[in-house]
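Computed from a prediction, not measured in an experiment: that's the story for all the values here. Quick note: residue numbers are just sequence positions, from 1.
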Amino acid sequence: MYRFSKLLLPLFFLLSVASCSLLKEITSDDVTRMTSECFDEPSDMVFYSTLSLLQAERFTIIEANKESGIIRGMQQTERTDVEWNLKAFGTATERESTEAVFLILPLSKERTEIKLSLYRNELTVSRKDEHLQKHDSRSMLLTESTYNTWLKKLKAEIKRRKHLL
């Protein structure tokens with residue numbers, strides 16, 4: 001028993017320290033840093049490369065306004081396991097989507113800033129007293145690696161398009 005408690009105390013300490021680092025609050029500076037990037041490219045090149053990237057990632061273009069620099073794309077997933085999850089758990093995700101919103105800002109003739117926001121949208125259904133209740137939720141994704149992946153793909157798409165010229 002004594003040996004077990006000697007092992008349990010360090011394990012508890014490690015879990016406490018790990019949970020504190022996982023719960024670090026993300027500041028607005030962190031969000032700006034992970035969601036923004038500057039490109040040494042004209043805004044037209046960045047704009048059309050962004051449209052091309054969204055299409056390649058199987059997103060539906062919802063809005064593309066060159067004047068404002070806003071591009072919105074949506075990728076929707078319908079769930080086929082709704083009834084089974086409702087019966088088994090009393091709740092299910094009926095539909096989920098990822099929304100990508102790009103803001104393309106020309107800084108000069110050859111320099112462009114891009115701001116990217118990614119959102120997860122879910123429509124969940126729950127059964128209470130034989131009545132179905134639906135709940136919509138929307139949250140911004142705040143995983144740095146996700147934004148890094150998107151911005152790397154955009155750089156590659158810009159490079160690909162430049163080779164076409």
Legend entry - Stepwise side-chain contact (heavy atoms from CB on, under 4.5 Å) check, R127 with Q133: CA-CA 6 Å; R127 180 171 286 146; Q133 296 178 337; over 6 Å; no

Find out whether [X] and [Y] are in side-chain contact, i.e. whether some heavy atom of one side chain is under 4.5 Å from a heavy atom of the other.
{"X": "L123", "Y": "K134", "answer": "yes"}
{"X": "L141", "Y": "Y119", "answer": "no"}
{"X": "M140", "Y": "V31", "answer": "yes"}
{"X": "I26", "Y": "M34", "answer": "yes"}
{"X": "C38", "Y": "L107", "answer": "yes"}
{"X": "M45", "Y": "L165", "answer": "yes"}
{"X": "Q75", "Y": "T60", "answer": "no"}
{"X": "E99", "Y": "R138", "answer": "yes"}

Which distance, rounded to the nearest 0.5 Å, do you find between the [atom1] of [X] and the [atom2] of [Y]?
{"X": "R161", "Y": "I158", "atom1": "CZ", "atom2": "CD1", "value": "9.5 Å"}
{"X": "E41", "Y": "S43", "atom1": "CD", "atom2": "OG", "value": "11.0 Å"}
{"X": "R160", "Y": "H163", "atom1": "CZ", "atom2": "NE2", "value": "10.5 Å"}
{"X": "E157", "Y": "K162", "atom1": "CD", "atom2": "NZ", "value": "13.0 Å"}
{"X": "T77", "Y": "E94", "atom1": "OG1", "atom2": "CD", "value": "13.0 Å"}
{"X": "S49", "Y": "K153", "atom1": "OG", "atom2": "NZ", "value": "15.0 Å"}

Inset, instruction - Show your reasoning for whether side-chain contact (heavy atoms from CB on, under 4.5 Å) applies to L54 and F102. - result: CA-CA 10 Å; L54 283 169; F102 291 85; 3.9 Å; yes

Inset, instruction - Looking only at non-hydrogen atoms, find the nearest pair between V82 and A92 and report the distance. - result: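 For V82 versus A92, the nearest heavy atoms are O-CB, 3.6 Å.
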
Give the cluster check for [X] versus [Y]: same hydrophobic cluster or not, with ILVMFWY residues linked at side-chain heavy-atom distances below 4.5 Å.
{"X": "L118", "Y": "L53", "value": "yes"}
{"X": "I61", "Y": "I104", "value": "yes"}
{"X": "Y48", "Y": "I70", "value": "no"}
{"X": "V101", "Y": "L103", "value": "no"}
{"X": "I114", "Y": "L105", "value": "no"}

Inset, instruction - Give the C-alpha distance, both sets of side-chain angles, the deciding distance and a yes or no for side-chain hydrogen bond (donor to acceptor under 3.5 Å, both in side chains) between R120 and T98. - result: CA-CA 5 Å; R120 167 69 70 200; T98 301; 3.2 Å; yes

Under 3.5 Å: donor-acceptor pair, side chain of [X], backbone of [Y]:
{"X": "T35", "Y": "S117", "result": "no"}
{"X": "S97", "Y": "M74", "result": "no"}
{"X": "D81", "Y": "W84", "result": "no"}
{"X": "E96", "Y": "E78", "result": "no"}

Legend entry - Of all pairs that satisfy side-chain hydrogen bond (donor to acceptor under 3.5 Å, both in side chains), the ones with a partner from residues 106-115, not counting sequence neighbours: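 side-chain hydrogen bond (donor to acceptor under 3.5 Å, both in side chains) check on residues 106-115 returns S36-K115, D40-R111, E113-K115.
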
Legend entry - Passing option when W150 is tested against N148, T146, L154 for side chain to side chain contact (heavy atoms under 4.5 Å, CB included): T146

